[in-house]
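When a ligand or atom number is given, it counts from 1 through the structure's own listing order.
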Amino acid sequence: MENNRPNWSSRAAFIIAAVGSAVGLGNIWRFPYIMGQYGGAVFLLVYLILILTICFIPLMAELATGKTLKKDCVSAYESVNKKFKFFGVLNPLTGILIASFYFIVGGWIINYIYVSALNLKIENYSEYFGLFTQSSVPACIYTLVFLFICVFFAGRGVKKGIEFANNVLMPMFAVLLIGLISFSLNLPNAHLGLEYMFKPDFSKISSEMFLAALGQALFTLSIGMGALLTYGSYIKDDKNITKSAYTIIFSDTLFALMAGIMIFPAIFSFGLEPNSGAGLVFVTLPYIFSQIPHGNIVSFAFFLLLLAAAITSGISIIEVPIASMVERLKISRTKACTILFCVISIIAIPATLSFGVLSDVTVLKKSIFDFLDFITANLLMPLNAFILCIIAGWFLKIKGNMFLQNKIAAFLFDIGLKYIVPIILFSLMYIGLK
Ligand code: PFF
């Protein structure tokens, strides 16, 4: 089977795909609104420190485990110890659960592209967003369309599908982002948004903020569900993964900062508040677009950018279960994609309806959508990352000196992988579930 495994066509292709996985809704939708909720610049500072120190370790460990074992998550864990198979299975399961809420937001984006393309006039965006998310059939159709797009690309395979989608969508994303940043920075009082982002107010530091920053860092780097392990398993032997890891972290952080520079100046320019939560991108920004000349074109470009980012991440989320199904069940990619489409639909449709007809159905006092978000971000992703650090550090014995030239850096990596990061992840889970 191993010889039949797909490979990236080049190192650049791998990096573009891994950056495509990392840069997604987490950067453009989640990052600005969480930063808005936790006080702006001071959150950014904590987030940057965490990403550059702690998060480098599990990211590197995922890539190195994938590259070393060259297997899907389930087979990789099983090859270390038969008893670890169950831990491996948790990764594709987490992927299916993440997809089931991530793809709903993907559906919202497609709807906003449609609204902008037709230049539909909307009086009250807050009301519109509520009505749209509560609409049963249209909202479900949009979720399924987004799911179909991701499954379609993933179904075409690593080179023809995943690489192709990333090679087209990531440059498009970058160009649109730069265009929208220059638009935003030219709005009156844009500097207020930049001050909000870059002038820390240390009185806003809290332990809750640390947790939110760490959770955001794991999510945005795609750590904790095997996506990087799976992408890493397609790397050919001669690749330098330390450099790749730095490139992924640097690019993801840069894109998150750029998303902030695109969004906050516009918000402050219109005298609005940046702490409106998940509606920031779907209520506040569309309102701003509606107030400017040719705003529908800017809105179209913005949601297209968001869609491009969401698709490249969405593909990586479903690649984890696809790889496991293909390698474990020995079925074709097309068959695996068809099964996955059905399985994700079965969870995603009730989750979509949880904004409307199923709003009374709760799991642990949360709507189905909120439950999926909660259980993956607060339990499954940190748990998977914890297990990965233990397996990579203690059983696979991945060591810093395998890839870090500097002895001190290699030593710190070993300590981090075996002790510090697992303890931090365990605390994150513990506090997150309380
Ligand atoms: N990193 C993606 C984002 O920021 O939107 C989300 C994600 C992708 C999470 C892949 C997990 C994953 F495995």
Side-chain angles (χ1 to χ4, degrees), residues 16-35 47 51 55 58-59 61-63 65-66 72-73 88 90-106 108-109 146-147 150 153-154 162 165-166 169-170 173 177 212-234 245 248-260 278 281 305-324 340 344 372-373 375-385 387-388:
I16 293 172
V19 172
S21 167
V23 178
L25 295 177
N27 303 60
I28 301 157
W29 170 61
R30 207 167 182 271
F31 176 73
Y33 91 69
I34 300 224
M35 188 167 155
Y47 169 85
I51 243 180
C55 295
L59 184 136
E62 263 208 39
L63 288 179
T65 304
D72 70 284
C73 290
L90 275 182
N91 286 282
L93 281 184
T94 306
I96 290 172
L97 296 181
I98 293 180
S100 303
F101 78 87
Y102 197 89
F103 288 20
I104 296 175
V105 185
W108 297 347
I109 299 170
F146 184 84
L147 170 60
C150 293
F153 281 121
I162 304 181
N166 277 286
L169 295 174
M170 286 311 284
F173 167 80
L177 187 59
L214 186 58
Q216 170 63 17
L218 292 178
F219 186 81
T220 191
L221 290 175
S222 306
I223 296 171
M225 54 148 282
L228 293 173
L229 189 154
T230 309
Y231 274 16
S233 75
Y234 301 145
I248 297 167
I249 290 189
F250 176 77
S251 314
D252 185 76
T253 309
L254 184 70
F255 280 123
L257 288 175
M258 285 167 85
V281 158
L305 163 156
L306 200 52
L307 183 69
I311 292 175
T312 52
S313 298
I315 293 173
S316 75
I317 296 175
I318 55 173
E319 179 60 17
V320 178
I322 292 173
S324 291
L340 197 64
I344 295 178
L372 290 171
D373 184 1
I375 198 81
T376 48
N378 290 350
L379 175 66
L380 292 170
M381 290 181 85
L383 178 65
N384 289 330
I387 294 169
L388 179 98

For this session: Name the closest protein heavy atom to atom 8 (C) of ligand 1, giving the residue it belongs to and the distance to 0.1 Å.
Result: Ser222 OG, 3.3 Å
For this session: State the atoms of ligand 1, each with its element, that fall below the 4.0 Å cut-off from a heavy-atom position in Thr220.
Result: 1 (N), 4 (O)
For this session: Examine the proximity of ligand 1 to Ser316 and report which part, side chain or backbone, both or neither, has a heavy atom under 4.0 Å away.
Result: side chain
Exercise. Is the shortest distance from a heavy atom of Phe31 to ligand 1 less than 4.0 Å?
Worked result: no
Exercise. Quick one: which ligand 1 atoms are inside 4.0 Å of a heavy atom on Met225?
Worked result: 11 (C), 12 (C), 13 (F)
For this session: Using a 4.5 Å cut-off on heavy atoms from C-beta on, say whether the side chain of Phe255 contacts that of Ile28.
Result: no
Problem set entry | Exam field: side chain Thr65 to backbone Ala61, donor-acceptor pair closer than 3.5 Å | yes
Exercise. Are the side chain of Ser313 and the backbone N or O of Val23 linked by a donor-acceptor pair below 3.5 Å?
Worked result: yes
Problem set entry | Contact check: Met381 vs ligand 1, nitrogen or oxygen atoms, below 3.5 angstrom | no
Exercise. With a cut-off of 4.0 Å, which atoms of ligand 1 are near a heavy atom of Ala227?
Worked result: 13 (F)
For this session: State whether the side chain of Tyr231 and the backbone N or O of Glu319 hold a donor-acceptor pair below 3.5 Å, judged by distance alone.
Result: no
For this session: Give the contacting part of Tyr102 toward ligand 1: side chain, backbone, both or neither, where contact means a heavy-atom distance below 4.0 Å.
Result: side chain
For this session: Without swapping roles, check the side chain of Thr230 against the backbone of Gly226 for a donor-acceptor pair under 3.5 Å.
Result: yes
For this session: Examine Val23 against ligand 1 and note whether any of their N/O atoms are separated by less than 3.5 Å.
Result: no
Exercise. Which residue owns the protein heavy atom closest to atom 2 (C) of ligand 1, what's the atom, and how far is it?
Worked result: Ser21 O, 3.3 Å
Exercise. Checking side chain to side chain contact (heavy atoms under 4.5 Å, CB included) against Met225, which of Ile317, Ile96, Leu93 comes through?
Worked result: Ile317
Exercise. Can you tell me which residue and heavy atom of the protein come closest to atom 1 (N) of ligand 1, and the distance to 0.1 Å?
Worked result: Phe219 O, 2.9 Å
Exercise. Has the side chain of Asn27 got a donor or acceptor atom that lies under 3.5 Å from a matching backbone atom of Gly24?
Worked result: yes
Problem set entry | Sub-3.5 Å N/O-N/O distance, Ile98 and ligand 1 | no
Exercise. Any idea which protein heavy atom is nearest atom 4 (O) of ligand 1, and the distance to it?
Worked result: Ala22 O, 2.9 Å
Exercise. So which bit of Arg30 gets within less than 4.0 Å of ligand 1, heavy atoms only: side chain, backbone, both or neither?
Worked result: neither
Exercise. Of the non-hydrogen atoms in Glu62 and Ser222, which two are nearest, and what is the gap between them?
Worked result: OE2-O, 4.3 Å
Problem set entry | Donor-acceptor contact present, side-chain Thr376 to main-chain Asp373, <3.5 Å | yes
For this session: Mind checking whether Ala310 contacts ligand 1 via backbone (N, CA, C, O), side chain (CB onward), both or neither, at a 4.0 Å heavy-atom cut-off?
Result: neither
Problem set entry | Under 3.5 Å donor-acceptor, Asn166 side chain and Ile162 backbone | yes
Problem set entry | Close-contact set for ligand 1 against Ile317 heavy atoms, below 4.0 Å | 8 (C), 10 (C), 12 (C)
